[in-house]
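Below is one structure; the comments refer to it alone.
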Amino acid sequence: MVQMLKVKILENKQVLPDFFRMVLAAPMVAKEAVPGQFLMINTSDTLDPFLKRPISVNRIDQEKGTISLIYQIVGKGTRLLTKKNAGEEIQIIGPLGKGFCWSEQDKTIVLVGGGCGIAPLVALAEALVQTGKEVFVLLGSQCKEKLLGEDEFKELGCTVMVATDDGSYGRRGFVTELLDELSQKKRIDQVYCCGPLPMTKAVVQITKKAFIPCQISLEERMGCGIGACIGCVTKVRREDGTIDYKKVCHDGPVFTSSEVVFDD
Amino acid sequence: MVQMLKVKILENKQVLPDFFRMVLAAPMVAKEAVPGQFLMINTSDTLDPFLKRPISVNRIDQEKGTISLIYQIVGKGTRLLTKKNAGEEIQIIGPLGKGFCWSEQDKTIVLVGGGCGIAPLVALAEALVQTGKEVFVLLGSQCKEKLLGEDEFKELGCTVMVATDDGSYGRRGFVTELLDELSQKKRIDQVYCCGPLPMTKAVVQITKKAFIPCQISLEERMGCGIGACIGCVTKVRREDGTIDYKKVCHDGPVFTSSEVVFDD
Amino acid sequence: MINLSVEIAGIKFKNPVMVASGCYGFGREFSNFYDLNLLGAIMVKGLTLEPRIGNPPPRIAETPAGMLNSVGLQNPGVEGFIKNELPWLKQYDVPVIANINGHSYEEFAEITDRLAGVSGISALEVNISCPNVKNGGMFFGTDPVMAGEVVKRVRAKTDLPLIVKLSPNVTDIAEIAKAVEAAGADAVSLINTVLAMAIDIKTRRPALSNVVGGLSGPAVKPLAVRMVWQVAQAVSVPIIGMGGIAKAEDAIEFFLAGANAVAIGAANLSNPMVAVEVIDGLKMWLEQEKIEDIQHLVGGVII
Amino acid sequence: MINLSVEIAGIKFKNPVMVASGCYGFGREFSNFYDLNLLGAIMVKGLTLEPRIGNPPPRIAETPAGMLNSVGLQNPGVEGFIKNELPWLKQYDVPVIANINGHSYEEFAEITDRLAGVSGISALEVNISCPNVKNGGMFFGTDPVMAGEVVKRVRAKTDLPLIVKLSPNVTDIAEIAKAVEAAGADAVSLINTVLAMAIDIKTRRPALSNVVGGLSGPAVKPLAVRMVWQVAQAVSVPIIGMGGIAKAEDAIEFFLAGANAVAIGAANLSNPMVAVEVIDGLKMWLEQEKIEDIQHLVGGVII
Ligand SMILES: Cc1cc2nc3c(=O)[nH]c(=O)nc-3n(C[C@H](O)[C@H](O)[C@H](O)COP(=O)(O)OP(=O)(O)OC[C@H]3O[C@@H](n4cnc5c(N)ncnc54)[C@H](O)[C@@H]3O)c2cc1C
Ligand SMILES: Cc1cc2nc3c(=O)[nH]c(=O)nc-3n(C[C@H](O)[C@H](O)[C@H](O)COP(=O)(O)OP(=O)(O)OC[C@H]3O[C@@H](n4cnc5c(N)ncnc54)[C@H](O)[C@@H]3O)c2cc1C
Ligand SMILES: Cc1cc2nc3c(=O)[nH]c(=O)nc-3n(C[C@H](O)[C@H](O)[C@H](O)COP(=O)(O)O)c2cc1C
Ligand SMILES: Cc1cc2nc3c(=O)[nH]c(=O)nc-3n(C[C@H](O)[C@H](O)[C@H](O)COP(=O)(O)O)c2cc1C
Ligand code: FES
Ligand code: FES
């Protein structure tokens with residue numbers, strides 16, 4: 001069940017120049033959360049910022065009752081988050097949204113992630129590996145220094161491939177090129193994608209051409225995160241072909257790629 | 001000179017149920033500050049609260065280069081202040097306003113303080129004792145538990161008398177009764193007063209009747225604290241008898257009692 | 001015992017704390033957090049005659065102590081509401097107030113007609129002040145004659161209590177309030193959102209796809225309190241005050257200014273428990289101040 | 001080299017960042033903090049024909065991300081200004097803009113007459129929008145005919161550039177802007193404060209002795225940006241945008257919306273260094289974005 005809770009911060013540490021990891025003691029959330037879901041986080045007890053911030057679940061540890069988050073410092077709210085100390089309490093709502101789903105039959109899985117979109121794929125990889133699937137992880141980053149999660153994926157037993165914009169690590173170029181090549185070499189049962197919109201669009205195109213089912217996690221500016229304000233919509237095509245808006249916070253953030261209509 | 005500075009917090013501790021002491025490393029301010037002056041304090045780096053908060057100088061230590069403040073938790077800003085840790089920096093403006101003044105000739109001095117108005121009288125007592133005056137301190141409080149500063153005044157060598165509303169300590173009743181009696185027993189050269197408005201008004205009446213010069217420190221809601229917004233005015237009588245408004249932050253907070261016009 | 005109940009336009013509310021239209025969907029999301037029976041009333045998302053898909057994203061932007069929205073009245077239409085949302089809401093013992101919107105006098109009349117006979121609706125909130133739809137919306141709410149005409153058309157179609165929702169984007173809100181009172185409004189609610197704009201300096205585009213949107217949240221509270229106070233001097237119908245309420249103290253300001261009830265909008269989005277917190281806080285404050293009936297507070301500001 | 005200079009109504013400003021009337025006194029207080037020559041211009045505290053003592057305290061209240069004020073135009077009068085303040089200001093190489101106020105058309109004409117020949121004044125800012133004085137003030141700014149008439153009377157008395165300061169407390173600010181442009185305004189400045197109210201629930205009294213006051217600060221920024229954008233579509237005279245600017249990014253929003261220059265009000269009170277921080281931040285941002293002239297930004301919002 002979705003809940004608003006005050007939970008204890010167990011850890012809040014810088015992991016990369018622009019990224020922090022926050023670990024929360026939240027047994028109830030850990031018990032229910034599914035990879036791809038997110039929390040709404042209160043970054044301040046004052047009226048500035050006014051709204052909570054959506055952050056995806058990065059790792060779920062049911063045994064320890066902890067949830068880990070990875071957040072990038074981009075503005076006011078995330079900057080305030082970096083000031084919180086272990087031991088302090090923080091208000092959250094969660095787990096929220098529709099996470100990734102998978103089926104028994106799928107054997108070979110590819111995860112494509114970029115930027116802070118890599119964070120939720122770690123929990124997903126863990127769950128997929130546990131169900132015995134072969135998991136390839138394709139990661140995109142501007143440069144080596146900004147690459148998130150590589151070691152974690154490797155520890156989980158995934159095959160990791162990297163593309164960087166500046167060639168400072170792995171392939172120079174786009175992560176989508178890695179996907180393109182892999183899809184020509186391997187039979188892929190399912191692609192999961194989370195990252196910047198241009199990356200997601202490219203992944204959707206490639207998987208569509210290659211007839212690979214694909215789930216994408218979307219971002220949109222959120223008011224409430226719980227489905228009440230209809231603020232966070234994305235354009236979808238209904239079965240009858242007409243256009244509608246669905247809520248990213250409630251109907252997503254994970255969507256089947258075929259459902260979503262990208263503008264431009 | 002007035003300055004806006006980021007200074008280090010050396011201490012921020014609860015001293016009474018509703019009061020905190022904050023000690024700041026601010027050599028420049030300590031060098032210039034005069035008892036009765038105040039600082040504008042930034043309680044938050046966000047837009048809520050929007051305005052800085054005026055807090056009087058409680059102790060000035062030129063040698064150590066420190067300023068001590070005593071603040072009462074009354075609302076949003078002071079509550080945020082309690083969350084600051086020693087070692088953190090805080091933005092201040094100061095020293096501001098016109099402080100207390102005294103003359104060589106005065107020998108016997110009475111300070112009358114109530115509530116958080118007691119705080120600035122400590123620095124004043126210290127300065128007066130140093131110039132060899134006999135200092136009586138009359139303190140008013142709701143009850144024993146909320147009484148500020150008694151020990152500090154005693155350490156400085158002042159004679160302290162207390163009145164509490166509930167009689168839990170010292171005289172049961174108003175601090176002004178102590179003043180009334182003392183003024184009948186002793187020749188008093190100067191009274192300094194800082195506290196709630198009703199107390200201040202009563203002190204002004206008593207000293208007026210007894211022809212004792214009196215300086216009072218006033219509070220008013222402040223915008224800027226530096227004299228720019230004309231927000232913090234108090235009513236005064238000009239020499240020609242007409243009414244004017246003077247700025248508490250710039251022309252005060254310390255005024256000669258005869259100058260101020262109290263409404264009611 | 002503190003009496004929190006109020007009667008407005010003939011409806012009994014168990015307490016004077018409502019949730020504002022568009023910030024509460026049709027209530028389902030909040031039923032995860034608390035029992036909706038605790039509420040004074042639910043003002044449902046703005047309804048139109050036909051279903052609407054609303055404006056493209058982004059629809060939300062945060063501003064200092066507030067937010068902009070340009071949802072553009074995405075809603076299932078009056079039929080969809082009656083079929084899919086109202087039956088669910090009826091399980092609760094809470095007055096449901098239907099917020100209605102039209103592009104034209106005729107449309108206002110038609111949507112009223114459609115809702116008039118339906119059981120489970122306690123009152124209509126006639127929204128003549130939505131800034132987020134082109135042609136209509138706020139338009140009607142900025143002119144006393146047009147505002148009055150909308151109310152007359154709606155009045156002619158139903159005996160349901162009519163609450164008319166006023167726009168703050170006017171020179172003289174008291175004048176509009178008087179016009180709708182004269183036209184038959186049983187109560188007024190105010191304020192709707194303030195027409196506003198934010199620009200994302202990175203993309204150099206408006207923060208909202210609709211260019212402008214409605215500002216709400218704590219930032220607008222002082223404007224809303226002023227308008228409630230002005231309207232309270234001008235009309236004798238009850239007032240439902242809103243705009244920036246995020247805690248019990250805020251609600252008390254509105255009562256003192258002259259509101260008979262209050263509604264909470266944007267704060268539901270930042271804190272889903274806010275309505276319950278305000279109700280509890282109100283009770284505690286009244287006890288502490290030894291005020292037996294919330295109505296003793298109404299208009300109690302000492303000038 | 002980045003060009004920050006702008007020309008408005010024939011006056012050269014070394015940069016487009018001014019300090020707004022009433023939030024900067026006559027500059028003296030800020031000269032403790034930085035060299036006033038850094039500023040684009042100084043808009044001095046509102047002047048009236050006769051000295052005024054203003055409203056009783058409390059005159060200030062804090063609100064979410066903003067503040068209310070009801071100073072009520074306390075000022076030394078036009079003569080006091082010319083005698084005691086202007087000579088001090090003249091030591092700086094910064095345009096001084098005199099903010100003028102009147103109760104009647106005649107008073108506006110008279111104060112203009114008094115300032116017309118005086119050296120050291122670069123322009124007049126005609127304040128038809130002060131919400132803090134009874135009879136007059138905002139009154140003139142809420143009606144296009146009256147607003148135009150004030151401008152005509154002032155225009156008749158001086159060749160000084162006229163900047164007309166608009167009130168946000170209107171249904172259609174573009175209409176007022178057009179009227180003052182037609183009447184001879186060389187520029188418009190907006191927004192003045194938003195008429196608002198807060199109540200101290202402990203005392204049950206208004207937070208301001210004047211009951212209502214003017215809301216300003218970051219809370220009003222989205223409203224101000226919207227109005228600047230609307231006025232920019234409606235008139236061709238330059239616009240000085242203000243309302244809630246507290247950092248360079250805020251100023252950039254105003255330029256993108258169509259402001260040719262900006263002014264900073266309330267933020268001077270919470271942060272006396274803000275004007276310098278905005279000027280420096282603006283320079284840095286333009287460099288980073290490789291924009292050579294600030295004017296290339298004006299009206300640059302991509303719709
Ligand atoms: C479902 C979901 C899950 C997310 N998970 C994560 C995560 O695991 N880790 C992580 O680092 N980030 C995640 N994000 C993004 C994160 O919510 C934003 O970065 C954060 O809200 C920014 O807050 P701020 O106050 O720091 O920035 P602000 O001061 O609000 O904004 C700074 C800049 O960031 C941009 N921005 C802010 N919010 C968003 C948004 N929601 N979408 C796109 N751009 C935005 C704006 O353009 C603005 O210029 C997620 C977003 C969504 C919708
Ligand atoms: C020159 C001067 C010196 C001061 N020195 C001290 C000091 O040494 N120690 C100390 O504890 N306090 C001092 N004060 C008072 C202190 O500034 C306020 O208590 C503080 O600003 C409250 O901030 P807040 O955000 O906690 O309360 P807010 O949330 O702003 O207000 C809470 C409540 O406190 C009241 N309040 C707030 N500010 C004032 C004010 N300026 N005057 C009267 N009532 C107010 C309001 O009625 C409100 O209901 C001084 C004030 C002035 C003007
Ligand atoms: C996301 C959102 C959607 C809204 N939708 C509607 C609506 O459909 N109909 C309506 O009358 N008001 C609507 N409003 C306005 C609110 O009901 C309320 O009048 C306004 O937000 C002021 O209150 P607040 O500051 O508490 O939010 C909406 C407000 C928000 C924030
Ligand atoms: C304390 C105070 C006093 C003001 N006095 C005046 C004035 O005398 N004349 C005037 O035209 N505007 C006056 N204003 C309005 C400001 O110049 C400005 O238009 C408004 O505050 C919006 O800008 P801001 O949000 O940056 O403060 C005053 C504002 C404040 C806060
Ligand atoms: S953020 Fe409110 S509906 Fe999704
Ligand atoms: S607080 Fe601004 S003049 Fe005193």
Side-chain angles (χ1 to χ4, degrees), chain A residues 1-6 32 40-54 74-77 91-97 197 218-238 242-250 252 260-264, chain C residues 19 22-34 45-46 51-76 200 202 207-209 213 215-219 221 244 246-247 250 265-274 276-277:
Chain A
M1 218 191 77
V2 179
Q3 285 189 295
M4 186 159 83
L5 300 164
K6 280 222 163 193
E32 304 214 355
M40 291 298 281
I41 309 266
N42 213 26
T43 60
S44 152
D45 292 333
T46 75
L47 296 169
D48 179 37
F50 178 57
L51 299 170
K52 289 188 166 63
R53 299 294 191 257
V74 300
K76 195 183 261 192
Q91 199 186 48
I92 62 165
I93 306 176
L96 294 165
L197 196 56
L218 296 180
E219 274 197 22
E220 191 46 67
R221 213 55 75 77
M222 292 196 174
C224 62
I226 62 169
C229 70
I230 343 182
C232 62
V233 295
T234 198
K235 199 183 268 184
V236 296
R237 198 176 308 280
R238 294 198 193 96
T242 58
I243 292 298
D244 197 4
Y245 286 117
K246 276 197 173 179
K247 302 175 202 167
V248 169
C249 72
H250 183 262
V260 176
V261 180
F262 293 107
D263 285 324
D264 61 7
Chain C
V19 287
C23 302
Y24 208 78
F26 299 100
R28 291 184 197 268
E29 293 78 16
F30 292 87
S31 65
N32 292 324
F33 293 94
Y34 56 84
K45 174 67 195 163
R52 289 179 58 113
I53 66 165
N55 292 324
R59 293 177 173 183
I60 296 278
E62 196 182 58
T63 66
M67 61 177 284
L68 301 182
N69 90 82
S70 64
V71 170
L73 285 176
Q74 175 171 349
N75 81 94
D200 184 332
K202 273 187 219 148
L208 301 175
S209 73
L215 176 64
S216 61
K221 190 184 62 169
K247 52 189 195 314
D250 301 330
N268 287 299
L269 311 181
S270 64
N271 172 11
M273 292 298 295
V274 66
V276 176
E277 289 174 12

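Formation of a donor-acceptor pair under 3.5 Å by the C:N55 side chain with backbone atoms of C:S70 is found in this model. Listed for the C:N271 side chain is no donor-acceptor partner under 3.5 Å among the backbone atoms of C:N268.
Heavy atoms of C:F33 lying under 4.5 Å from chain A belong exclusively to its side chain. Using a 4.5 Å cut-off between heavy atoms, C:A266 contacts chain A through both its backbone and its side chain. With a 4.5 Å cut-off on non-hydrogen atoms, A:K247 touches chain C through its side chain but not through its backbone. Using a 4.5 Å cut-off between heavy atoms, A:M40 makes no contact with chain C at all. Interface residue A:Q3: only backbone heavy atoms are found under 4.5 Å from chain C. In this structure, the portion of C:F30 lying under 4.5 Å from any heavy atom of chain A is its side chain and not its backbone. Heavy atoms of C:P51 lying under 4.5 Å from chain A are absent altogether.
Distance check, rounded to the nearest 0.5 Å: NZ of A:K246 to CZ of A:R238 gives 10.0 Å.
Residues A:K76 and A:P49 share a closest heavy-atom pair of CD-CG, 4.2 Å. Pairing each heavy atom of A:G225 with each of A:L96, the nearest pair is O-CD1, 3.6 Å.
Chosen from A:I226, A:D48, A:I93, the residue pairing most often with chain C at heavy-atom distances under 4.5 Å is A:I226. Most heavy-atom pairs under 4.5 Å with chain A, from the set C:G66, C:G25, C:G27, C:A61: that is C:G66. Of the listed residues (A:L47, A:I230, A:T234, A:T46), the greatest number of heavy-atom pairs within a distance under 4.5 Å of chain C belongs to A:I230.
One finds a salt bridge joining C:E62 and A:R53 here, because a Lys/Arg side-chain nitrogen approaches an Asp/Glu carboxylate oxygen to under 4.0 Å.
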Begin with the C-alpha distance, continue with both residues' side-chain angles, and end with the deciding distance and a verdict on side-chain contact (heavy atoms from CB on, under 4.5 Å) for A:I243 and A:K235. CA-CA 7 Å; A:I243 292 298; A:K235 199 183 268 184; 3.6 Å; yes
